[in-house]
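Numbering of ligands and ligand atoms starts at 1, following listing order. Quantities reported herein were computed from a predicted structural model and do not represent experimental measurements. Residues take their numbers from the sequence shown, with the count starting at 1.
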Amino acid sequence: MRDKSLINKVAVVSGGGSGIGRASALLLAKHGAKVCFLDRSPDEAEKVIAEIKEQGGEAMVAETDVSNEEMVRKGIQAAADAWGRVDIVFANAGINGTWAPIEELSVEDWETTMDINLKGTFMTVKYAVLHLKKNGGSVIITSSINGNRTFSNFGSSAYSTSKAGQVAFMKMAALELAQFKIRVNAISPGAIETNIDENTNITDSVDKIEIPMKFPKGSQPLAQGSGSPEQVADLVLFLASDASSHITGTNIYIDGVESLLR
Ligand code: NAD
């Protein structure tokens, strides 16, 4: 059934060209939201836009590297200029970045991960607030089980720190923005079948710091495998819609209980 609370709402989705962002953008559009993609790969976003238009929806892309302040500001402004409002912000773009032992992880690699995952989230929310304040709205931030409930992906200290930082930022923002009827929540997926491996550089020397763990029956008790982007999109739709009108300041795990095991 269509969620009527999204009809004619404007959603800004970062990283909507692939994976979780793509599935969420398609679902938000299916329920009537107009979607502005902030993605550094506009060609990928254009393919999703074509799908949205085929199903009768409206969408546009603003080529944006979320670690670039001016691009983020302009991208969100482009959505507001096109449709006169911004109601939903899905701050989702992210990379796994470089996974390496701490003494070998370069400051540059640390900064790249922080700039995209954490600073990018901050800037996406920062430049949306002005618009969200007008009618209230919903912000959803894609964090991860890593850095929140799981610390066993050895070498992912930068990634996990960025994902933990997003949840702290979400809680600060939820309190600060509640007076404007802006809700702010995070989602923390476990392993989801996406293209994130393309933005993952696991160095060979991670072997040196790994602590062996054995799960003879597998490490994903519910599904015995990764979740799908579409399953995460259902959660994003819920948090974007009025069905979650009393939920803010919350981090929701979507991992088939994987993170409680490891
Ligand atoms: P994905 O690689 O399939 O999609 C990521 C999207 O973000 C792509 O469209 C890419 O172009 C875009 N992107 C990357 N860097 C960008 C930048 N600097 N500026 C603008 N766009 C950029 O990956 P995904 O798995 O769908 O990842 C989405 C989010 O989910 C990320 O924040 C990731 O950390 C998080 N996450 C993923 C998993 C998983 O297992 N896939 C688990 C937990 C959390």
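Of the N or O atoms in Asn92, one or more lie within a sub-3.5 Å distance of an N or O in ligand 1. Considering backbone and side-chain atoms together, Leu38 places no N or O closer than 3.5 Å to any N or O of ligand 1. Every N/O-N/O distance between Ile145 and ligand 1 stays at or above 3.5 Å. Checking only distances, Ser18 does come within under 3.5 Å of ligand 1, N or O to N or O. For ligand 1, none of its N or O atoms has an N or O atom of Ser67 under 3.5 Å away. Geometrically, ligand 1 and Ile116 share no nitrogen or oxygen pair separated by less than 3.5 Å.
Counting heavy atoms of neighbouring residues, nucleotides and ligands inside a 6.0 Å radius, atom CD of Gln224 exceeds 12 of them. Within 6.0 Å of the CG atom in Asp81, the count of heavy atoms belonging to other residues, nucleotides or ligands exceeds 12. Environment of CD in Glu104: crowded, with over 12 heavy atoms of neighbouring residues, nucleotides or ligands closer than 6.0 Å.
Classification of the Tyr159-Trp99 ring pair by plane angle, with boundaries at 30° and 60°, yields tilted.
Under 4.0 Å from ligand 1, the heavy atoms of Lys163 that appear belong solely to its side chain. Residue contacts with ligand 1, taken as heavy atom pairs separated by less than 4.0 Å, involve Ser143 solely via the backbone atoms N, CA, C and O.
Looking from atom 21 (N) of ligand 1 to the surrounding protein, the closest heavy atom is Arg40 N, 3.4 Å. Distance from atom 20 (C) of ligand 1 to its nearest protein heavy atom, with residue and atom name: Thr64 O, 3.1 Å. Scanning the protein heavy atoms around atom 33 (C) of ligand 1, the nearest turns out to be Ile196 CD1, 3.5 Å. Scanning all protein heavy atoms for the shortest distance to atom 24 (P) of ligand 1 gives Thr194 OG1, 3.5 Å. Of the protein's heavy atoms, Gly190 O, 3.1 Å lies nearest to atom 42 (C) of ligand 1. Looking at atom 19 (N) of ligand 1, its nearest protein heavy atom turns out to be Val66 N, 2.9 Å. Among all non-hydrogen protein atoms, the one lying nearest atom 9 (O) of ligand 1 is Asp39 OD2, 2.7 Å. Of the protein's non-hydrogen atoms, the one nearest atom 5 (C) of ligand 1 is Gly94 O, 4.2 Å.
Near Ile20, meaning under 4.0 Å from any of its heavy atoms, are these atoms of ligand 1: 26 (O), 30 (O), 37 (C). Close approach of ligand 1 to Asp65 (heavy-atom distance below 4.0 Å) involves ligand atoms 17 (C), 18 (N), 19 (N). For ligand 1, the atoms sitting less than 4.0 Å from at least one non-hydrogen atom of Gly17 are 9 (O), numbered in the order shown with element in parentheses. The atoms of ligand 1 that sit less than 4.0 Å from any heavy atom of Gly15 are 6 (C), 7 (O), 9 (O), 12 (C). Less than 4.0 angstrom separates some heavy atom of Thr142 from each of these atoms of ligand 1: 29 (C), 30 (O), 32 (O), 35 (C). With ligand atoms numbered from 1 in the order given, ligand 1 contributes 3 (O), 26 (O) to contacts under 4.0 Å with heavy atoms of Gly19. Those atoms of ligand 1 with a heavy atom of Ala191 less than 4.0 angstrom away are 40 (O).
With hydrogens and angles left out, the side-chain atoms of Lys163 and Gln166 include a donor and acceptor closer than 3.5 Å. Neither side chain, Ser188 nor Arg149, offers a donor N or O lying under 3.5 Å from an acceptor on the other. Between Ser41 and Asp43, the side chains place no donor N or O within less than 3.5 Å of an acceptor N or O (distance only, hydrogens not considered). At a cut-off of 3.5 Å, with distance as the only test, a side-chain donor of Thr200 or Asn96 sits close to an acceptor on the other residue.
The only member of Asn195, Thr194, Asn199 that meets side-chain hydrogen bond (donor to acceptor under 3.5 Å, both in side chains) when paired with Ser18 is Asn195.
At least one donor-acceptor pair under 3.5 Å links the side chain of Ser241 to the backbone N or O of Phe238. Asp39 places a side-chain N or O within donor-acceptor distance of the main-chain N or O of Gly16, the cut-off being under 3.5 Å.
With respect to the salt-bridge test (charged N to carboxylate O, under 4.0 angstrom), the residues Arg262 and Glu258 qualify.
The shortest separation from a heavy atom of Ser14 to ligand 1 is not under 4.0 Å, leaving the residue out of contact. Assignment of Ala45 to the shell around ligand 1 is not supported, since no heavy atom sits closer than 4.0 Å. Using a 4.0 Å heavy-atom cutoff, Arg22 is absent from the residues neighbouring ligand 1.
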Donor-acceptor contacts, no H, no angles, side chain residues 23-32, under 3.5 Å, sequence neighbours left out:
unit_1: Ser24; atom_1: OG; unit_2: Ile20; atom_2: O; d: 2.7
unit_1: His31; atom_1: ND1; unit_2: Asp3; atom_2: N; d: 2.7

